[in-house]
Structures are given as structure tokens and as C-alpha cells.
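Working notes, structure below.
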There are 2 protein chains.
Amino acid sequence: MTQTTAVATEETESTDICSPPPRRHPRPDGQDSYTISEVVAFTGLTAHTLRWYERIGLMAHVDRSHTGQRRYTNRDLDWLDLVGKLRLTGMPVADMVRYAELVRAGESTYGERYELLEATRRDVLARIAELRDTLAVLDYKIGIYANAGQSYETARTR
Amino acid sequence: MTQTTAVATEETESTDICSPPPRRHPRPDGQDSYTISEVVAFTGLTAHTLRWYERIGLMAHVDRSHTGQRRYTNRDLDWLDLVGKLRLTGMPVADMVRYAELVRAGESTYGERYELLEATRRDVLARIAELRDTLAVLDYKIGIYANAGQSYETARTR
DNA sequence: CGCTTGCCTGGAGTGCACTCCAAGGCCATA
DNA sequence: TATGGCCTTGGAGTGCACTCCAGGCAAGCG
């Protein structure tokens, strides 16, 4: 395994210049109008969760049909994508709501948003390092179990 | 089963594939007897959590002093270390309890333990991949805010 | 017309992983 | 003897992130 101190430099190398993430939407802009169940199918979230996200302000108010049903746009899908990614980092929902509020507040909050994302980035790097550490332990133990055909286990690691 | 099997010998160094994780204990084996507050200081867990771990079977019964107070050993510290690592992977406590039960059940469960650790290993790898993906998105957005933020700052201070 | 399907709402419920409480035991120092 | 500190217990409480429920509306179909 490489040294843990090499992580930081590796990262700067892997993301030299930002490549825009390629997105495919189910429908092109202009015809982007999805029912809640379509969004469920696309995101893997439940309808409950989608409505709950909107209630707590994690999503801006979603467009409605003339009968009051939700109609999601490609932009909503993108937002949900970002939310999903942030959720994977372990960011609390309250923090994501805060970010959503900053976005709604306009461009005067660019600085704050930058700080928030930077902090999150540091968290992600730290978490990756932790996971690598854990992986080493796991590999070590797996090695023991793979080798230990009928020899008894070490007391040390139980 | 109060009988701790006499496996105090170290046969850990028989494996050559993985480097054994270096462990430093506050006290050498033989004088390893820690109060709950010492373990709190060493692990970062709370006393509540330590007692709770024991109650739910995530730890084997801890030794007691003649007055009934818990006295942790180096082995307990090692176990808590592993638990901490597994917790970082997002493994549910119930699964860790299951692993603890397998360990207590003896060497007939080697296969199952192996499977469990292997599955966890795959989870960890998948999570690392997810985090890298998230990192790319984060870097992309940070790049945007860095540029836009600069122009906003410029516009502000102009 | 009724039936099914899909969606709506506010509020209540769930599961997890702790986290704390109240009441008390032991023991060293003052 | 008293005070303070550290520890014990079972059980209750907390916070988070959903998850579900009851009751109801609107559209499409035979």
C-alpha cells in the first residue's frame, strides 16, 4: 500500500482541470417534465422522500400540473443527483438544506458556498483515507482467515 | 461461557502476505487493566457507549474488579479498534454483533467470518469508488465557485 | 357509473445508534 | 464522619433520516 501522505498529491493529479460531468437526462430540455414516480424510477429515492425533501427545503418548490401534481424538470434531476452525492459523503441533511438556501439566496453567497464545498471536499478526502486504512485491516484479517485452514485463530485479534 | 480459552500465544506472524497492523497499547500485556474512563480517553467512545456495546453483545463480557467495576484488557482495546474501523465503513451494529457472535462461537465459523469480511471489503471498495465520484463533482463545482467567486469579489471590490 | 391507479396532504410512526437519568455502591482524602 | 469522584444498573429519552398512514382528489377505462 502507498503511504497515506500520498493521497493529497494523488488527488490534485487526478483532477488537473475540471472536466464537466457528463449527464444524460431521460428527456431533452424543453420536454423535461417528470411525474414523481418517474423521478422515483430515475433516482432510486422513494416518493415519500422526494416530498419530504421538498417540505424541509432541500429542494426548491417543484412545478405543479394544473391538478396540483408535481412535475420535475431536468434541473431538479440534476439537483437530486448532487444531493445524492452529498448524502454519500455523510453530510447531514441540515447542511444540505443550508447549501440549498445559499443557492436560493443568489450569487452573494458564492463565497459561503465555496467554503462549504471545500469543507466537504476535505471531509471526503479524510473519509477515503479512513476507508483505505480500514481496507488494510480487512485485508489483513481476510488473509488470516484464508490461510488459517485449521490452525486456531490468534487471541490478539479475536 | 466464562472460560476464556488459553490462546494467549501469538501466532500472528505466520502470515506473510499482509503486514500486521502495528498496535501500541498504553500498557504492556500483563499490566493491561484499564478503567472505563481510561478506555474512554483512549478510544474516544463514551462510557455509555462502551457499556451499551457490552449489553448488546458487541463485546464479550469485560473483566470486573472485586467491586464489580469494569477492567478492560489490551485485547478489549484491539477489539474496540476493529469495531471502530468497521463502524467507519457504515456496517450496521447488528452485523458487527453477528461477527462478534461468530468469533465467540469458535473456529467452526471461520468460513462465515471470511464471507462477512469479504462482503465488507467489497462494500468498502464500492464506497471508495462512490466517494471518488463525489470528489469529482465537488472539484467541478468548487472550480466554478472559485472562478465565479473571484469575479464576484472583483466586482465587489472594484 | 363505478373501479382502478396515481397522486395529494399533515402528521404520526419507525429504526438506528446512541445518550442520558435516577438512584445507589465503593473508597480515598480532609 | 463527610465529601467528592468514579463507577454501577435498567430503562427511558434523543436526534436523524426517513417511512408510513388516513383520507381525499383527479383522470382514464369499460
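Order of the sequence lines sets the chain letters (A, B, ...), proteins ahead of strands, with each chain counted from 1. Keep in mind that the numbers below use all heavy atoms, side chains included, and drop hydrogens, waters and symmetry copies.
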Checklist entry - OP1 or OP2 of C/dC18 less than 4.0 angstrom from a side-chain nitrogen or oxygen of B/Y53, does that happen here? => result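 Yes, such a contact exists.
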
Next on the checklist: For C/dC8 and A/R51 - does any side-chain N or O of the residue sit under 4.0 Å from the phosphate oxygens OP1/OP2?
Outcome noted: yes

Next on the checklist: Rounded to the nearest 0.5 Å, what separates atom CZ in A/R75 from atom CG in A/D63?
Outcome noted: 9.5 Å

Item to check | Spatial distance of atom CG (A/L102) from atom OH (A/Y114) [nearest 0.5 Å] | outcome: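 Answer for the CG-OH pair, A/L102 versus A/Y114, is 15.5 Å.
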
Separation of atom [atom1] in [X] from atom [atom2] in [N], rounded to whole Å:
X     : N      : atom1 : atom2 : result
B/Q69 : C/dA28 : CD    : C1'   : 13 Å
B/Y72 : D/dC6  : OH    : C1'   : 14 Å
B/L50 : D/dT8  : CG    : C1'   : 14 Å
A/H61 : C/dT9  : NE2   : P     : 10 Å
B/I56 : C/dA17 : CD1   : P     : 8 Å
B/R64 : C/dC26 : CZ    : P     : 14 Å

Checklist entry - Below 4.0 angstrom, N of the basic side chain to O of the carboxylate: do A/E54 and A/R64 qualify? => result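 A salt bridge is present here (some side-chain N lies under 4.0 Å from a carboxylate O).
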
Checklist entry - Between A/T67 and B/T67, which is nearer to the 5' end of DNA chain D once each is assigned its nearest nucleotide? => result B/T67

Item to check | Residues in contact with DNA chain C, drawn from residues 31-47 of chain A - heavy-atom cutoff 4.0 Å | outcome: A/T35, A/I36, A/S37

Checklist entry - Heavy-atom contacts under 4.0 Å between residues 85-105 of chain A and DNA chain C, which residues? => result none

Side-chain atoms of residues 86-96 of chain A: list all donor-acceptor pairs with protein atoms under 3.5 Å, sequence neighbours left out, distances to 0.1 Å.
residue: A/T89; atom: OG1; partner: A/L86; partner atom: O; Å: 2.5
residue: A/T89; atom: OG1; partner: A/M91; partner atom: N; Å: 3.3

Next on the checklist: Show me the pairs that pass side-chain hydrogen bond (donor to acceptor under 3.5 Å, both in side chains) and involve residues 40-51 of chain B, at least two apart or across chains.
Outcome noted: B/T46-B/T49

Checklist entry - Does atom CZ of B/R27 have more than 12 heavy-atom neighbours, drawn from other residues, nucleotides or ligands, at distances under 6.0 Å? => result yes

Checklist entry - A/R70 near the nucleic acid: base, sugar-phosphate alone, or nothing, with a heavy-atom cut-off under 4.0 Å? => result sugar-phosphate

Checklist entry - What does A/R71 touch in the nucleic acid at a heavy-atom separation under 4.0 angstrom: a base, only the sugar-phosphate, or nothing? => result nothing

Please tabulate the protein-to-nucleotide N/O contacts below 3.5 Å involving nucleotides 10-14 of chain D, giving atom names and distances.
residue: D/dG11; atom: N7; partner: B/R55; partner atom: NH1; Å: 3.1
residue: D/dG11; atom: O6; partner: B/R55; partner atom: NH2; Å: 3.2

Next on the checklist: When you compare the side chains of B/D123 and B/T120, does any donor N or O come within less than 3.5 Å of an acceptor on the partner?
Outcome noted: no

Item to check | Any side-chain donor near an acceptor of the partner, A/Y34 and A/N74, under 3.5 Å | outcome: yes

Checklist entry - Got B/Q69 and B/T35 here, is their nearest side-chain heavy-atom distance under 4.5 Å? => result no

Checklist entry - With side chains defined as the heavy atoms from C-beta onward, is the minimum distance between A/L135 and A/L131 less than 4.5 Å? => result no

Item to check | Sequence-distant partners of A/S65, side-chain hydrogen bond (donor to acceptor under 3.5 Å, both in side chains), two or more places apart | outcome: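 Scan of A/S65 (side-chain hydrogen bond (donor to acceptor under 3.5 Å, both in side chains), adjacent residues dropped) gives A/T67.
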
Item to check | Closest listed nucleotide, where the reference is the side chain of A/W52 and the choices are C/dT19, C/dC8, D/dA17 | outcome: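 Selected nucleotide: D/dA17.
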
Item to check | Aromatic plane relationship, A/W79 with A/Y99 - under 30° parallel, 30 to 60° tilted, over 60° perpendicular | outcome: parallel

